[in-house]
Amino acid sequence: MDIKEMMRVMIMDSDKEPSVGIFWYLPEKHDLFEVYSKVPSTTEGIHTIHKLHRDVWKKGKHRALAKGEVGSIYYQDHTKIPRGRIFYKDGKFVVAVGSWYKKYEEELTELIRDYFDLEEFDFEVIEYFELGHNGGEKEFMYNKFI
């Protein structure tokens with residue numbers, strides 16, 4: 001077991017609580033990437049993390065440029081890599097993804113359970129998360145869920 005896997009096991013074995021957040025999925029690595037999460041503050045209303053995919057990606061790209069990382073993943077279009085957002089709404093967790101998830105549903109389900117400490121959740125296919133879709137994330141969040 002390498003150090004990355006050991007750290008992941010330690011985090012997963014901690015007393016985490018179910019979380020909302022964002023992520024990218026790297027099918028070739030069988031793992032999530034750039035995972036950000038937080039525990040909802042209450043069980044009332046709608047909750048998600050306030051970070052936007054495009055802002056996380058911009059920051060990563062600036063870091064890669066500053067470090068001279070020529071082959072960085074951040075030089076790619078962030079919308080062409082599978083991504084999703086986890087909401088808590090109406091007493092349940094919803095994972096908003098594109099239709100790409102169906103091909104990886106079993107593995108993705110396990111990864112989301114591990115990273116976000118979720119026992120039960122529903123996948124919801126939303127156009128915004130389709131590969132290559134570059135609509136406004138802020139508008140998506142407010143129009144779809146709030």
Side-chain angles (χ1 to χ4, degrees), residues 1-41 46-89 92-146:
M1 183 181 307
D2 66 6
I3 189 71
K4 182 180 172 185
E5 184 64 21
M6 286 173 52
M7 292 300 293
R8 185 171 165 204
V9 168
M10 288 171 55
I11 290 168
M12 289 187 300
D13 286 344
S14 68
D15 291 330
K16 287 176 53 180
E17 296 180 59
S19 301
V20 295
I22 64 171
F23 63 90
W24 275 269
Y25 172 59
L26 300 175
E28 67 280 0
K29 295 194 179 206
H30 307 284
D31 207 356
L32 300 184
F33 171 72
E34 286 285 14
V35 175
Y36 293 88
S37 65
K38 74 170 190 167
V39 175
S41 54
I46 301 167
H47 299 274
T48 190
I49 196 166
H50 293 289
K51 286 186 180 288
L52 301 177
H53 284 91
R54 69 167 187 239
D55 294 340
V56 170
W57 206 257
K58 256 190 235 177
K59 186 175 179 180
K61 186 173 183 177
H62 290 305
R63 253 191 339 259
L65 285 167
K67 292 180 178 182
E69 296 173 347
V70 178
S72 174
I73 191 171
Y74 295 104
Y75 295 124
Q76 297 179 39
D77 178 347
H78 80 278
T79 68
K80 303 246 171 136
I81 299 169
R83 67 196 191 285
R85 177 175 290 276
I86 299 173
F87 291 87
Y88 181 80
K89 180 183 176 196
K92 66 181 182 177
F93 288 92
V94 176
V95 181
V97 290
S99 59
W100 56 263
Y101 94 94
K102 293 173 188 166
K103 182 176 177 182
Y104 310 103
E105 185 172 4
E106 188 175 322
E107 179 176 73
L108 189 59
T109 297
E110 290 307 312
L111 289 168
I112 289 169
R113 282 184 177 144
D114 289 346
Y115 276 93
F116 295 94
D117 203 35
L118 299 179
E119 288 297 317
E120 292 185 28
F121 57 88
D122 296 324
F123 284 107
E124 185 172 339
V125 174
I126 296 174
E127 181 182 6
Y128 174 80
F129 292 104
E130 293 294 352
L131 295 177
H133 189 279
N134 198 10
E137 192 167 15
K138 283 183 183 178
E139 291 79 11
F140 154 75
M141 286 173 55
Y142 293 110
N143 292 335
K144 176 67 180 165
F145 284 94
I146 297 180

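Throughout, numbering of the chain's residues begins at 1 and tracks the sequence.
Atom CG of residue Leu111 and atom CD of residue Glu106 lie 11.0 Å apart, to the nearest 0.5 angstrom. Distance check, rounded to the nearest 0.5 Å: NE2 of His133 to CD1 of Ile126 gives 11.0 Å. Here NZ of Lys61 is found 13.0 Å from CD1 of Ile73. Values are rounded to the nearest 0.5 Å. Considering OH of Tyr36 and CZ of Arg85, their distance stands at 12.5 Å, rounded to 0.5 Å. One distance of note links OH of Tyr74 with CG of Leu65; it measures 12.0 Å at 0.5 Å rounding. Note that CG of Leu108 and CG of Leu32 are 6.5 Å apart. Values are rounded to the nearest 0.5 Å.
Counting non-hydrogen atoms of neighbouring residues, nucleotides and ligands closer than 6.0 angstrom, the CD atom of Glu127 reaches no more than 12 such neighbours.
In this structure the side chain of Thr109 reaches within 4.5 angstrom of the side chain of Phe121, judged on heavy atoms. Taking the side chain as every heavy atom from C-beta outward, Phe87 and Val20 never approach each other to under 4.5 Å. Val56 has its side chain within reach of Ile22: a pair of non-hydrogen atoms, C-beta onward, lies under 4.5 Å apart.
Here Arg113 does not pair with Glu107 in a salt bridge; the nearest charged N to carboxylate O distance is not below 4.0 Å. At a threshold of 4.0 Å, the pair Glu105-Lys102 does not count as salt-bridged, since none of the basic side-chain nitrogens sits closer than that to a carboxylate oxygen.
Between Phe129 and His53, the two ring planes are perpendicular [angle over 60°; tilted spans 30° to 60°]. The aromatic rings of Trp24 and His78 lie perpendicular to each other, with more than 60° between the two planes, well past the 30° mark.
Partners of Pro18 by side-chain contact (heavy atoms from CB on, under 4.5 Å), not counting sequence neighbours, listed by chain and number: Phe93, Asp117, Leu118. Remark: Tyr104 engages Tyr25, Pro27, Trp100 in a side-chain contact (heavy atoms from CB on, under 4.5 Å) (not counting sequence neighbours). Looking at residues two or more places apart in sequence or on another chain, you find a side-chain contact (heavy atoms from CB on, under 4.5 Å) between Asp77 and Thr79, Lys80.
With a 6.0 Å cutoff to the six-membered ring centre and a 45° limit on the axis angle, Arg83 counts as a cation-pi contact of Tyr128.
Here the closest heavy-atom approach between residue Pro40 and residue Tyr88 is recorded as CG-CB, 4.2 Å. Val39 and Ser19 make their closest contact through CG2-OG, 3.9 Å (heavy atoms, listed as atom of the first residue, atom of the second, distance).
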